[in-house]
Amino acid sequence: MLTVLGLIIVASGYVYASEVRIGLVLDKGGKDDKSFNSAAYQGVMKAKSDFKAFVKYVEATDDNAFESLLRSFSQKNFDLIIAVGVSQTQAIKKVASQFPTQRFTLVDGEVLAPNVRSILFQEHEGSFIVGAIAADVSKTGIVGFIGG
């Protein structure tokens, strides 16, 4: 999510030339979910150590908490607020409209607003390729799948 170009940090399409203050709102699974939350947490912790970014994260207890957590980061003028999970889509849409100069990134959901960057994944493409490989190497012509 973050890369360095000289002394400038590029975060989700936004450019910063000084210390970045990043607020991370994790979905209900928390930072140890071994999925999107975990990856986002590891990414901001790397930004904290590599780029000396100021990072604060919160873990939502339920869907009703998203809006107030996002609003709290916005009121404290964080440079970038990252929301993880499609379940935060409506909260981001509402808070982003109330704070038009605040910058948001939404992982795994889409909000069309000038101050929101949406990060979406094409999971079906990888699944298709794995299925094609499984069919190709199958000795019986039968392929099974158990999803989580």
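It should be emphasised that the depicted structure is a prediction, and the values quoted were computed from it without experimental measurement. Atoms considered below: every heavy atom in the structure, side chains included; atoms not considered: hydrogens, waters and symmetry mates.
Exactly one residue among Asn37, Leu26, Leu24 makes a side chain to side chain contact (heavy atoms under 4.5 Å, CB included) with Lys31. That residue is Leu26. The only option from Val116, Leu80, Val25 that meets the side chain to side chain contact (heavy atoms under 4.5 Å, CB included) definition with Phe104 turns out to be Val116.
Checked by atom type and distance alone, the side chain of Asn115 pairs as donor or acceptor with a backbone atom of Phe99 at under 3.5 Å. When atom types are taken as modelled, the side chain of Thr105 and the backbone of Ile82 share no donor-acceptor pair closer than 3.5 angstrom. At least one donor-acceptor pair under 3.5 Å links the side chain of Ser97 to the backbone N or O of Lys94.
The minimum heavy-atom distance between Gln88 and Asp27, with the atom names listed, is NE2-N, 4.0 Å. Nearest heavy atom pair, residue Tyr57 against residue Met45, reads CD2-CE, 4.4 Å. Shown here for Ala53 and Ile22, the closest heavy-atom pair between the two residues is CB-CD1, 4.2 Å. Summarising the geometry of Ser118 relative to Gly109, their closest heavy-atom pair is CB-O, 3.2 Å, with the distance given to 0.1 Å. Nearest heavy atom pair, residue Arg103 against residue Asp79, reads CB-O, 3.6 Å.
Put simply, the side chain of Phe73 does not reach to within 4.5 Å of the side chain of Arg21, judged on heavy atoms. At least one side-chain heavy atom of Lys76 sits under 4.5 Å from a side-chain heavy atom of Ser72.
Hydrophobic clustering (ILVMFWY, side-chain heavy atoms < 4.5 Å, transitive): Val143 and Phe128 are in distinct clusters. Both Ile81 and Phe54 sit in one connected hydrophobic cluster of ILVMFWY residues. Membership requires side-chain heavy atoms under 4.5 Å apart, directly or through other members. Leu70 and Val86 are not part of a single hydrophobic cluster, where members link through side-chain heavy atoms under 4.5 Å apart. Hydrophobic clustering (side-chain heavy atoms under 4.5 Å, transitive across Ile, Leu, Val, Met, Phe, Trp, Tyr) groups Phe121 together with Val84.
Ser87 OG to Gln90 CD: the interatomic distance, rounded to the nearest 0.5 Å, is 11.0 Å.
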